[in-house]
There are 2 protein chains.
Amino acid sequence: MAIAAPLILIVDDEAPVRSVLAAALHAAGYRTIEAPTLRFGLSHALGHRPDLILLDLGLPDGPGLSLVTTLRPAIRTPIIVLSARGEDRAKVAALDAGADDYLTKPFSIEELLARIRVALRHADAPICGENGLAFAAGGVHVDPVRRAVSRDGEAIHLTPTEYKLLLALVRQAGRVATHRSLLTEVWGQSAAAHPHYLRVYMAQLRNKLEDDPSNPVLLLTEPGVGYRMIENAS
Amino acid sequence: MAIAAPLILIVDDEAPVRSVLAAALHAAGYRTIEAPTLRFGLSHALGHRPDLILLDLGLPDGPGLSLVTTLRPAIRTPIIVLSARGEDRAKVAALDAGADDYLTKPFSIEELLARIRVALRHADAPICGENGLAFAAGGVHVDPVRRAVSRDGEAIHLTPTEYKLLLALVRQAGRVATHRSLLTEVWGQSAAAHPHYLRVYMAQLRNKLEDDPSNPVLLLTEPGVGYRMIENAS
DNA sequence: GCGGATCCTGACGGAATCTTGAGGCGACCA
DNA sequence: TGGTCGCCTCAAGATTCCGTCAGGATCCGC
């Protein structure tokens, strides 16, 4: 059976641009869907589950980056940002927000296609923990799209930092998340020297999520290495 | 606790460029090693196992791309290509050869750092396809991706040192691992003088993994030479 | 300005881990 | 028989790592 061609979501407000991109992508053997605004982009991204997203910044209904920031915690779909603005600030902001690549217009179609191949190559290997949108196990449920966490059906309030840490753990559910990866993901590159943050916030997460915080079942310690969230059961 | 900062290999023939890059990377909290030629780049990449490689094309002793093509099948380390040439051809060729990103000089350090963060982020992500290292035999199962070890289906907790030693043995499963190779792999170069460490930790591994620790079946002693883990059955 | 929530930071006790030493056992050899 | 050597076992510090608590700083809405 033929494997379905990768589906690429094009988010751009200018119809001509969309059709040029779509034509080039079709010629290269991809399927495409298009969205003219942030709102449609978001709903299509969640609804159609594309394999890759091409995002033009500068959309009419809001900052294009917000698509990245809202989408990235929920799904791992590679996002390539296209922009007319080539300032470093914008690039760094987009990349740090979770974008996987950034092309400044004008760019050649060949380069775009090559970078799409790179992004798809990256996305191909993983998908180990399913990375389904949601996590559920041991009575705890995490919904990254709604940014909602519940335990035994009751909503749990988490502070921003707690939630970020939980997401980083959920994303690696079943595997060991090293101190370093957690620290850099939650507090940024420079935090690698402060493993103490982790202890404090792990304790808070356990207090909120575990039945018996001193005998954790969900959030396990791997001494000298990091922490491990139990396997996703959903 | 000091968590090792990511190690970045800089391959560039011009010493001033290398030192500028190294300075910027140090300032950002990374460790670096440098290589002026392809040959050294290759040997450092394989010897030091950096977390990321910055590769300048146009090296004196051959086409820079050959580093990508020879390295990529062997290791998954992200490679960012730096080049003065901005032609699409070169970009496409590099990216398709296995490079993960391509920056055209001149570029800003901020952008480089942001793209390094992207690449390291990718590298942190789980990889499932590459289970080649997984080991299973005699009821014992080792899963390096999850950093999990089980015996007869039950999870076994290993300390960092025990796990490191087990991995070193698994990597040589079926063959003899000499005392010296195990010692240097687990405790570093300077440990060759303390063969006693090995005995202690081999005993602990046997206690945790063998049915009858005093009559080992999995972890065999090769008197005078080293130890041997039985052949992988998976 | 005020109250509340959140985050950072230091101090401390206890747990897990690593290191080191002492002693036992069996193989081998003179 | 006695000695040496390599390997195994056990266990007691020493050290590192982790969980907990709480005070103070910061931010934000009102």
Side-chain angles (χ1 to χ4, degrees), chain A residues 147 149 155-169 176-180 182-188 190-229, chain B residues 1-4 147 149 155-166 168-169 176-180 182-183 185-188 190-229:
Chain A
R147 198 203 175 283
V149 179
I156 299 274
H157 171 73
L158 296 184
T159 72
T161 308
E162 289 164 2
Y163 182 72
K164 248 172 135 181
L165 176 58
L166 180 62
L167 266 195
L169 287 160
V176 174
T178 65
H179 294 129
R180 197 180 83 200
L182 292 172
L183 283 165
T184 58
E185 185 151 352
V186 177
W187 285 274
S190 56
H194 299 273
H196 188 50
Y197 296 177
L198 258 185
R199 301 202 192 100
V200 173
Y201 278 88
M202 284 301 299
Q204 297 186 1
L205 279 182
R206 283 173 172 157
N207 278 326
K208 293 188 178 182
L209 299 178
E210 296 273 2
D211 285 329
D212 178 1
S214 53
N215 286 61
V217 174
L218 289 147
L219 302 161
L220 309 172
T221 301
E222 298 281 344
V225 186
Y227 294 89
R228 180 205 307 270
M229 175 141 218
Chain B
M1 169 176 63
I3 297 178
R147 197 197 177 283
V149 179
I156 299 276
H157 173 73
L158 296 184
T159 70
T161 308
E162 289 164 1
Y163 184 74
K164 249 170 138 182
L165 176 58
L166 181 61
L169 288 160
V176 176
T178 65
H179 293 132
R180 176 196 289 238
L182 292 172
L183 281 165
E185 183 152 353
V186 177
W187 284 272
S190 56
H194 298 269
H196 188 48
Y197 294 177
L198 256 187
R199 304 210 184 93
V200 172
Y201 277 89
M202 284 302 298
Q204 296 186 1
L205 279 183
R206 283 173 173 156
N207 277 325
K208 292 188 177 182
L209 299 179
E210 296 273 1
D211 284 328
D212 178 2
S214 53
N215 285 63
V217 174
L218 290 148
L219 301 161
L220 308 172
T221 301
E222 298 281 344
V225 187
Y227 295 89
R228 182 162 56 90
M229 176 144 218

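The analysis underlying the following values was restricted to heavy atoms, covering all of them including side chains, and did not include hydrogens, waters or symmetry mates. We name chains A, B, ... by the order of the sequence lines, and we start the count at 1 in each one. If you're wondering where the values come from, they're calculated on a predicted model, not measured in any experiment.
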Just how far, in rounded Å, is [atom2] of [N] from [atom1] of [X]?
{"X": "A/E222", "N": "D/dT16", "atom1": "CD", "atom2": "P", "answer": "22 Å"}
{"X": "B/N207", "N": "D/dC8", "atom1": "CG", "atom2": "P", "answer": "12 Å"}
{"X": "B/D212", "N": "D/dC8", "atom1": "CG", "atom2": "P", "answer": "14 Å"}
{"X": "B/Y163", "N": "C/dT17", "atom1": "OH", "atom2": "P", "answer": "15 Å"}
{"X": "B/L165", "N": "C/dC18", "atom1": "CG", "atom2": "P", "answer": "11 Å"}
{"X": "A/L220", "N": "D/dC18", "atom1": "CG", "atom2": "P", "answer": "14 Å"}
{"X": "B/L198", "N": "C/dT19", "atom1": "CG", "atom2": "P", "answer": "12 Å"}
{"X": "B/L205", "N": "D/dC7", "atom1": "CG", "atom2": "P", "answer": "17 Å"}

Below 4.0 angstrom from OP1 or OP2 of [N], is there any side-chain N or O of [X]?
{"X": "B/T221", "N": "D/dC8", "answer": "yes"}
{"X": "B/R206", "N": "D/dC8", "answer": "yes"}
{"X": "A/R199", "N": "D/dC17", "answer": "no"}

Considering only nitrogen or oxygen atoms on both sides, find all protein atoms under 3.5 Å from nucleotides 7-16 of chain C and state each distance.
unit_1	atom_1	unit_2	atom_2	d
C/dC7	OP1	A/T161	N	2.9
C/dC7	OP1	A/T161	OG1	2.5
C/dC7	OP2	A/T159	OG1	2.5
C/dC7	O5'	A/T161	OG1	3.4
C/dC7	O5'	A/Y201	OH	3.3
C/dC8	OP2	A/W187	NE1	3.1
C/dT9	OP2	A/Y197	OH	2.3
C/dG10	N7	A/H196	NE2	3.4
C/dG10	O6	A/H196	NE2	2.8
C/dA11	N6	A/H196	NE2	3.3

Quick one: list whatever passes side chain to side chain donor-acceptor pair (under 3.5 Å) with [X], sequence neighbours left out.
{"X": "A/K164", "result": "none"}
{"X": "B/N207", "result": "none"}
{"X": "B/E210", "result": "none"}

Under 4.0 angstrom, heavy atoms only, what part of the nucleic acid is B/Y227 near: base, sugar-phosphate, or nothing?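 Touches sugar-phosphate only.
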Quick one, A/T221 with A/R206, criterion side chain to side chain donor-acceptor pair (under 3.5 Å). Give me CA distance, side-chain angles, the key distance, then yes/no. CA-CA 11 Å; A/T221 301; A/R206 283 173 172 157; 2.7 Å; yes
Can you check whether A/Y163's main-chain N or O pairs, donor with acceptor, with A/R147's side chain at less than 3.5 Å?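 Not at all, since once roles are kept as given, no pair shorter than 3.5 Å links the two residues.
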Name all residues meeting the side chain to side chain contact (heavy atoms under 4.5 Å, CB included) criterion together with B/V200; count only those two or more places apart in sequence or in a different chain, and write none if there are none.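 Counting only residues at least two positions away or on another chain, B/V200 forms a side chain to side chain contact (heavy atoms under 4.5 Å, CB included) with B/H196, B/Q204.
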Taking only residues two or more places apart in sequence or in another chain, which ones pass side chain to side chain contact (heavy atoms under 4.5 Å, CB included) with B/H157?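 Side chain to side chain contact (heavy atoms under 4.5 Å, CB included) check on B/H157 returns A/E222, A/P223.
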